[in-house]
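Here's the structure we're looking at; comments come further down.
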Number of protein chains: 2
Amino acid sequence: MSLRYALLAILTAAPLTGYETAKRFEGSVGHVWHAPDSQIYPELRRMETEGLVQGREERWGPNSTKTRYYITAEGESAFRGWMSEPLRYAPWRDVAHMQAAYFEWTDPDSVRMHLQQHAQHYEEQIAQWSSQVQAIESHEHPMIAARLQRYPAEQHARIVAFKSFAYEGLIRLAQAEVDWANSGLALLEELEAQDAEGAG
Amino acid sequence: MSLRYALLAILTAAPLTGYETAKRFEGSVGHVWHAPDSQIYPELRRMETEGLVQGREERWGPNSTKTRYYITAEGESAFRGWMSEPLRYAPWRDVAHMQAAYFEWTDPDSVRMHLQQHAQHYEEQIAQWSSQVQAIESHEHPMIAARLQRYPAEQHARIVAFKSFAYEGLIRLAQAEVDWANSGLALLEELEAQDAEGAG
DNA sequence: TCACGCATGTAAATTGTTACATGATTGG
DNA sequence: CCAATCATGTAACAATTTACATGCGTGA
């Protein structure tokens, strides 16, 4: 169900074709929510039958058309409704931490590899999200630029502030993951030192 | 696929019936991984047909039996194989942060409510996970007690260390969520102060 | 004309959620 | 004997992933 609201969210900034939408889900919005095109096209059509968006045919070259989807008043109100409702927190599901709980089942080198990979993965995320924050705050971000054009100037500050805030939260999480992985590497060394002591 | 490895993981500590397994997924393991019984019973049977576990009928009262599942050598080796392989990191999907990015679509009171709820939710998680860490380190945790009995004393330190470590990672994440929510409440006050200034 | 990007899907499989359904055992 | 817990499922639906499939447009 959240895919639907993710779609409504980006369509509040600008009307998009299915293809453009899918691209957004690889790039900017894709940092917060991911969906493959095979899920996006049918969902947009379903949303059209429910009146949340309206698709308008556009010429594309001499022999083709493409469909651009516009959010409707009904769609905006559905989005607003979702925004004001409390979230239901889904039960936790975290493979990396589950796996870490059973690290005694693999050798120290493999544990090290896992933890290094974990740190690296989240460092990359931090880099990506940080560059998003920069692009948002400088208004260079294409979706932000499109959005600011659509909404009155007195709202610009909050629009930018909330988007930055969302990404900063993700950065905090990723940093916690990196710190955790590093503390795990330290723990590993400690355990190996103890083993050496016990053996020697 | 991870459900399967979660099941193998807890069966390395002790053989369990489907019911007991489901209970573990509500309680201790459920803090790291969740699954409803309707998913667990069929999965255990599927795993049996694949030779990863073996179900043995046990008397239960005068007229009934129950099935207790034992991990097989094949199951252990499958688990070990999974443990040594690098993780595939799933694309990010985070409703709370996605919603936060669009907070301008709802009123400040609703934003405050969301952020307070967020902080409260993760504070509860921290409390739960902290008590898990305590129970693990004191060996009072039933699964840990069962596990330590099954494995030689020289492994006890790492078994306990890794389980604590896993939970500590979750606590770090939850703390990052709480901090983020609180920084959001501060941001909200700032924005409201600015609005008041602009209006007055 | 050829490669790359734009555009739009279908199909199958897997995974997860929600609701319903049933009956035995055990302890008070 | 009654409630709580133990035990085991089915069915329907919803969401997601993966793989396959097709064809036009545009610029070099």
Side-chain angles (χ1 to χ4, degrees), chain A residues 1-8 15-27 29-30 32-50 53 55-69 82 87-95 98 142, chain B residues 1-7 14-27 29-30 32-50 53 55-69 82 87-95 98 142:
Chain A
M1 263 303 101
S2 299
L3 170 61
R4 162 159 307 194
Y5 295 106
L7 287 169
L8 287 176
L16 298 170
T17 67
Y19 182 80
E20 287 168 336
T21 312
K23 287 294 132 183
R24 294 284 183 287
F25 270 83
E26 281 167 26
V29 192
V32 196
W33 197 264
H34 171 265
D37 26 348
S38 66
Q39 214 189 342
I40 292 168
Y41 286 108
E43 182 65 23
L44 282 171
R45 268 176 297 157
R46 229 173 297 139
M47 287 164 72
E48 182 166 29
T49 68
E50 294 175 40
V53 299
R56 294 190 208 155
E57 299 288 298
E58 263 179 29
R59 277 246 76 73
W60 178 52
N63 306 312
S64 292
T65 60
K66 55 184 173 180
T67 312
R68 186 173 298 274
Y69 289 93
W82 178 73
L87 268 187
R88 301 192 306 129
Y89 285 84
W92 203 277
R93 195 161 285 160
D94 187 325
V95 195
M98 193 194 90
Chain B
M1 262 304 104
S2 299
L3 170 62
R4 162 159 306 193
Y5 296 106
L7 287 169
L16 298 170
T17 66
Y19 182 80
E20 287 168 336
T21 312
K23 287 293 131 186
R24 295 284 183 289
F25 272 83
E26 279 167 30
V29 192
V32 196
W33 199 265
H34 171 265
D37 28 348
S38 67
Q39 213 189 343
I40 290 169
Y41 285 108
E43 182 65 23
L44 282 171
R45 269 177 296 156
R46 231 172 297 137
M47 286 162 74
E48 183 166 26
T49 68
E50 295 176 38
V53 299
R56 295 192 206 154
E57 298 289 299
E58 262 179 28
R59 277 247 76 73
W60 177 50
N63 305 312
S64 289
T65 61
K66 56 184 174 180
T67 311
R68 186 173 298 276
Y69 290 93
W82 179 73
L87 268 188
R88 301 191 309 129
Y89 285 84
W92 202 279
R93 195 160 283 161
D94 188 326
V95 196
M98 191 192 91

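A, B, ... follow the sequence lines: proteins, then strands. Residue 1 opens every chain.
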Quick check for you: among D:dT8, D:dT17, C:dT8, whose closest atom lies nearest to any side-chain atom of B:D37? D:dT8
Residue B:Y19, side-chain atoms from C-beta onward, closest of D:dA7, C:dT10, C:dT8: D:dA7
When you get a sec, tell me which of C:dT10, D:dT17, C:dT8 is the closest nucleotide to the side chain of A:Y41? C:dT8
Using whole Å, what does the distance between atom C1' of nucleotide C:dT22 and atom CG of B:N63 come to? 16 Å
Options C:dG5, C:dG23, D:dT17, nucleotide nearest the side-chain atoms of B:W60: C:dG23
From the set C:dT25, C:dG9, C:dT8, return the single nucleotide nearest to any side-chain atom of A:T67. C:dT8
Would you say A:R56's side chain and A:Y69's backbone share a donor-acceptor pair under 3.5 angstrom? no
May I ask you to say what A:R88 touches in the nucleic acid, namely base, sugar-phosphate or nothing, with a heavy-atom cut-off under 4.0 Å? sugar-phosphate
Strictly below 4.0 Å, N to O, side chains only: are B:R45 and B:E48 in salt-bridge contact? no
Side-chain N,O (B:R45) to OP1/OP2 (D:dT10) below 4.0 Å: yes
Whole angstrom is fine here: how far is it from CD in A:E26 over to C1' in C:dA7? 13 Å
Regarding the side chain of B:T17, the nearest nucleotide among C:dT25, D:dT17, D:dA7 is D:dA7
I'd like to know if A:S38 reaches the base of D:dT18 with its side chain, counting only an N/O donor and acceptor under 3.5 Å. yes
B:R68 CZ to D:dT8 P: how many Å, rounded? 10 Å
Is a side-chain donor-acceptor pair under 3.5 Å present for B:E58 with B:T67? no
Which part of the nucleic acid, if any, lies within reach of A:R93 when heavy atoms closer than 4.0 Å are counted: base, sugar-phosphate only, or nothing? sugar-phosphate
Base, sugar-phosphate alone, or nothing: which one does A:P42 contact when heavy atoms must sit under 4.0 Å apart? nothing
Specify the separation, in whole Å, of atom CD1 of A:I40 and atom C1' of C:dT10. 16 Å
Whole angstrom is fine here: how far is it from NZ in A:K66 over to P in D:dG25? 12 Å
Out of D:dA7, D:dT17, C:dT8, which has the shortest distance to the side chain of B:E20? D:dA7
Rounded to whole angstrom units, what separation is found between the CD atom of B:Q39 and the P atom of C:dT14? 14 Å
Between the main-chain N or O of A:T65 and the side-chain N or O of A:E57, is there a donor-acceptor pair closer than 3.5 Å? no
Is A:V95 close to B:W33 at the side-chain level, that is, under 4.5 Å between some pair of heavy atoms? yes
What is the distance from CZ of A:F25 to P of D:dT16, rounded to the nearest Å? 11 Å
Residue pair A:L3/B:K23 against DNA chain D: nearer the 5' end by closest nucleotide is B:K23
Quick test of your reading of the model: are A:K66 and A:E20 salt-bridged, counting only N-O distances below 4.0 Å? no
Look at all strands and tell whether B:R46 reaches a base, only sugar-phosphate, or nothing, counting heavy atoms closer than 4.0 Å. nothing
Spacing of A:Y5 atom OH relative to D:dA14 atom P, expressed in whole Å: 14 Å
